[in-house]
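Everything on this sheet refers to the single structure shown next.
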Amino acid sequence: MRISGDIMAAKRTIMHIDVNSAYLSWQAVYDLQKGADVDLRQIPSVVGGSHEDRKGIVLAKSIPAKAFGIQTGEVIWQAKQKCPDLVVVPPNYELYMKASNALFSLIKDYSPKVQRFSVDEMFLDYTGMEYFFGEPIEAAYKIKERVKKELGFTINIGIGENKLTAKIASDFKKPDMVHTLYQREIPTKMWPLPVEDLFMVGRKTKKKLNEMNIKTIGDLANTDVKFLYSRFKSFGYLLWRYANGIENSPVSGDRIMNIKGIGNSTTIKFDVEDKETAFKVLLSLTESVAMRLRAAKACCSVVSVEIKTSQLNSYSHQRKLFAPTCITDEIYTVAAELFEECWKGEKIRHLGVRVSQLSGDDFVQGTFFDDVNREKKEALDCAIDYIRLKYGKHSIIRGVFVDREISPVSGGVGEDDYAMMSSIL
DNA sequence: TCTGGGGTCCTAGGACCC
DNA sequence: TCTGGGGTCCTAGGACCC
């Protein structure tokens with residue numbers, strides 16, 4: 001008993017690093033390096049998709065744009081109504097991956113335990129590192145200044161005793177700030193915040209909580225946990241723990257091993273009304289998914305297809321395979337079957353292909369139905385991957401895509417896969 | 001007038017087995 | 001003919017995050 005008590009008492013120091021307006025900052029830095037005379041961060045500007053491709057929403061905004069009431073996720077034309085002089089720049093995911101990688105390698109100088117949480121967020125376990133870089137606040141300022149000087153963009157750093165409080169702290173005043181949220185500060189710094197500022201409280205949960213007269217994080221923290229459990233089941237218990245700052249997951253540096261699924265989806269430039277076109281899109285998506293799967297040295301056991309109609313209704317269909325695979329053809333065949341089984345004939349706006357239940361690719365079990373060409377197919381896929389990696393993903397394309405109506409390899413943000421967000425931290 | 005794309009986890013119901 | 005529960009797997013859908 002003594003031992004477990006001592007372990008419980010072991011205090012950790014966790015930092016959460018959050019890039020301020022990440023996409024926009026990175027584009028601004030890049031433009032300045034190329035000799036631009038305006039800094040996107042200083043003017044009302046957003047990163048957003050193009051209207052004609054039907055991807056016109058705000059992905060990131062500058063602080064001056066925020067002053068006009070522009071919100072992330074909002075449609076571009078609406079944002080322009082709020083601010084007619086708004087500058088809109090297209091997204092550049094390869095740039096973001098490069099910037100993110102540069103940040104990651106700098107942060108790793110300060111602890112062996114760094115977890116990449118998303119393209120612009122990282123957790124750092126600073127426990128025991130005081131000897132090298134000083135007190136946590138002092139170290140956080142050093143990191144922040146070094147990032148600004150060497151990489152050219154600003155970050156917020158939140159310091160807490162676990163990942164949850166560190167993350168909430170980094171979300172306090174922005175930009176270019178260091179904040180703490182220690183356990184003793186929870187009642188003063190966290191409880192007065194609106195309940196939707198709590199990690200895991202989104203639009204729907206906020207509405208439900210507000211209807212129960214729970215308006216602040218403090219209200220939630222002081223609600224009877226049994227009552228929350230009766231309303232939300234285990235999620236209620238999670239909410240209560242988070243509202244009280246209770247969270248103890250480790251900062252894990254283990255990335256690729258933790259990937260649960262790989263998927264790509266795309267909004268098509270026009271509504272798809274026939275099967276043949278849908279098949280082409282599905283093949284194009286499968287090309288990216290399968291390539292990423294092979295790059296992760298994994299096979300999948302489940303394939304799923306998602307359809308979003310022009311009316312924005314979506315539904316999905318999935319199937320467990322007889323045997324795991326990473327072969328493009330095999331995944332595509334299943335995807336096409338799934339599509340045929342569930343498509344109700346509506347106009348299609350968006351299609352997605354996802355694989356899950358991943359396993360290693362080193363001992364793929366053969367099945368009774370195995371055809372002798374399997375090894376050949378896999379070798380062919382690997383050869384194509386190699387050529388695409390070396391000469392670009394459009395260097396080798398299938399005959400069905402020559403009309404260029406549909407991209408031959410669609411979806412995919414970056415080459416570097418890592419475990420993304422988990423809702424459990 | 002129009003609403004992206006990448007993820008994770010949880011739940012509920014039905015099938016199936018013991 | 002009518003009746004159990006418990007456990008696991010599979011699938012669809014919905015919540016959340018960035």
Side-chain angles (χ1 to χ4, degrees), chain A residues 16 18-19 21-23 46-60 71-81 90-91 93 96-97 100 116-122 163-164 167 170-171 196-209 232-239 242 249 255 258-269 285 288-289 292 301-321 338 341-342 349-358 410-414 416-425:
Chain A
H16 179 251
D18 191 324
V19 179
S21 317
Y23 289 3
V46 297
V47 174
S50 76
H51 181 259
E52 54 273 30
D53 290 354
R54 311 205 293 179
K55 296 175 183 182
I57 66 158
V58 174
L59 298 164
Q71 289 171 358
T72 304
E74 169 171 63
V75 284
I76 298 282
W77 66 265
Q78 241 173 27
K80 277 187 172 164
Q81 278 183 348
Y93 296 104
Y96 309 153
M97 284 310 304
S100 177
R116 228 163 156 159
F117 194 54
S118 72
V119 74
D120 65 338
E121 287 183 51
M122 288 160 206
K163 285 156 72 177
L164 177 83
K167 182 163 165 56
S170 73
D171 212 31
E196 64 268 27
D197 284 8
L198 187 66
F199 181 67
M200 289 307 287
V201 177
R203 227 178 53 247
K204 303 264 183 174
T205 308
K206 171 198 152 103
K207 186 164 177 281
K208 287 180 197 165
L209 290 171
F232 297 100
K233 299 288 183 65
S234 64
F235 183 58
Y237 184 49
L238 179 101
L239 288 174
Y242 281 6
S249 67
R255 343 190 259 152
N258 289 328
I259 295 176
K260 299 291 197 311
I262 294 173
N264 283 111
S265 62
T266 188
T267 294
I268 306 132
K269 292 189 171 76
L285 289 164
S288 337
V289 170
R292 292 169 62 201
S301 293
V302 172
V303 176
S304 58
V305 165
E306 192 202 12
I307 298 171
K308 189 191 279 179
T309 68
S310 60
Q311 302 302 306
L312 299 168
N313 296 319
S314 34
Y315 49 92
S316 65
H317 212 45
Q318 67 178 62
R319 183 184 299 157
K320 169 128 177 150
L321 309 175
L338 287 166
E341 283 167 24
C342 74
R349 179 187 177 86
H350 173 109
L351 283 168
V353 173
R354 159 161 291 274
V355 296
S356 53
Q357 273 192 33
L358 307 187
S410 63
V413 168
D416 198 2
D417 277 310
Y418 51 86
M420 298 283 289
M421 285 273 321
S422 152
S423 29
I424 296 298
L425 283 173

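Remember, predicted model here, so these are calculated numbers, not experimental data.
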Output the rounded distance in Å from CD1 (A:Ile307) to C1' (C:dA12).
13 Å
Euclidean distance, atom CG of residue A:Asn313 to atom P of B:dT3 [Å, nearest integer]
15 Å
Students often get this wrong, so: under 4.0 angstrom with heavy atoms, is A:Thr72 touching a base, only sugar-phosphate, or nothing?
nothing
Kindly check if the number of other-residue, nucleotide or ligand heavy atoms within 6.0 Å of CD (A:Glu341) is above 12?
yes
Using atom P of each nucleotide, how far apart are B:dT3 and C:dC18 to the nearest Å?
23 Å
Between A:His317 and C:dA12, is there a side-chain N or O to OP1/OP2 distance below 4.0 Å?
yes
Is the phosphate of B:dC2 approached by A:Lys55 (side-chain N or O, under 4.0 Å from OP1 or OP2)?
no
Take atom CD of A:Glu196 and atom C1' of C:dC16, then tell me their distance rounded to the nearest Å.
15 Å
Establish, with yes or no, whether the OP1 or OP2 oxygen of C:dC16 is under 4.0 angstrom from a side-chain nitrogen or oxygen of A:Lys206.
no
To the nearest angstrom, how far is A:Leu238 atom CG from B:dT8 atom P?
18 Å
Give the rounded distance in Å between these two atoms: NZ of A:Lys308 and C1' of B:dG5.
9 Å
Side chain of A:Trp77 - closest among C:dC18, B:dC2, C:dC17
B:dC2
Under a 4.5 Å cut-off applied to non-hydrogen side-chain atoms, are A:Leu312 and A:Arg349 in contact?
yes
Is the phosphate of B:dG6, meaning OP1 or OP2, less than 4.0 Å from a side-chain N or O of A:Ser265?
yes
So A:Gly261, base contact, sugar-phosphate only, or nothing? Heavy-atom distance under 4.0 Å.
sugar-phosphate
Side-chain N or O of A:Lys204 versus OP1/OP2 of C:dA15: is the shortest distance under 4.0 Å?
yes
Side chain of A:Glu121, backbone of A:Ser118: donor and acceptor closer than 3.5 Å?
no
Between A:Ser304 and C:dT11, is there a contact of a side-chain N or O with OP1 or OP2 at under 4.0 Å?
no
Looking at the side chain of A:Thr205, which of C:dA15, B:dG4, C:dC10 is the nearest nucleotide?
C:dA15
Under 4.0 Å between a side-chain N/O of A:Ser234 and OP1 or OP2 of B:dT11, yes or no?
yes
Please classify the nucleic acid contact of A:Lys208 as base, sugar-phosphate, or nothing, using heavy-atom distances under 4.0 Å.
nothing
Please classify the nucleic acid contact of A:Ile76 as base, sugar-phosphate, or nothing, using heavy-atom distances under 4.0 Å.
nothing
Determine whether a donor-acceptor pair (N or O, by modelled atom type, separation under 3.5 Å) exists between the side chain of A:Thr72 and the backbone of A:Ala60.
no
Would you say a side-chain N or O of A:Arg354 is under 4.0 Å from OP1 or OP2 of B:dG6?
no
For a quick check of understanding: with a heavy-atom distance under 4.0 Å over all strands, which category does A:Val302 fall into, base, sugar-phosphate or nothing?
nothing
Taking only the side-chain nitrogens and oxygens of A:Lys260, find out if one of them lies under 4.0 Å from OP1 or OP2 of B:dC9.
yes
CG of A:Leu198 versus P of C:dC16: gap in Å, rounded?
12 Å
A:Phe199 has its side chain closest, among C:dG13, C:dT11, C:dC17, to C:dC17
Syn/anti state of C:dC2 by chi, 90° boundary around 0
anti
Check the distance between C:dA15's C1' and A:Lys207's NZ and give it to me in whole angstrom.
14 Å
In whole Å, I'd like the distance from the CD atom of A:Glu306 to the P atom of B:dG4.
11 Å
Going by salt bridge (Lys or Arg N to Asp or Glu O under 4.0 Å), A:Glu196 matches just one of A:Lys208, A:Lys204, A:Lys206, A:Arg203. Which one?
A:Lys206
Check the phosphate of B:dG5 against A:His350, side-chain N and O only, distance under 4.0 Å to OP1 or OP2. Yes or no?
yes
Measuring to OP1 and OP2 of B:dG6, would you say a side-chain N or O of A:Ser118 lies under 4.0 angstrom away?
no
In terms of the nearest nucleotide of DNA chain B, which residue is placed more toward the 5' end: A:Lys233 or A:Val58?
A:Val58
So, OP1 or OP2 of B:dG5: does either fall under 4.0 Å of a side-chain N or O from A:Thr267?
yes
B:dG6 phosphate, OP1 or OP2, under 4.0 Å from A:Asn264 side-chain N/O:
yes
Contact class for A:Gly202 vs. all strands (heavy atom < 4.0 Å): base, sugar-phosphate, or nothing?
sugar-phosphate
Counting side-chain heavy atoms from C-beta on, which of B:dT3, B:dG5, B:dG4 comes nearest to A:Thr266?
B:dG5
Search all heavy atoms of A:Val355 against all heavy atoms of A:Val303 and return the closest pair with its distance.
CG1-CG2, 4.3 Å
Which base, if any, makes a Watson-Crick or G-U wobble pair with C:dC18, both distances under 3.5 Å?
B:dG5
Check the angle between the aromatic planes of A:Phe199 and A:Tyr242 and answer parallel, tilted or perpendicular using the 30° and 60° thresholds.
tilted
Can you name the nearest heavy-atom pair linking A:Pro91 to A:Gly48, along with the distance?
CD-O, 3.4 Å
Reckon A:Arg349 has a side-chain N or O less than 4.0 Å from the OP1 or OP2 of B:dC2?
no
Contact nearer the 5' end of DNA chain B, comparing A:Ser310 with A:Phe235
A:Ser310
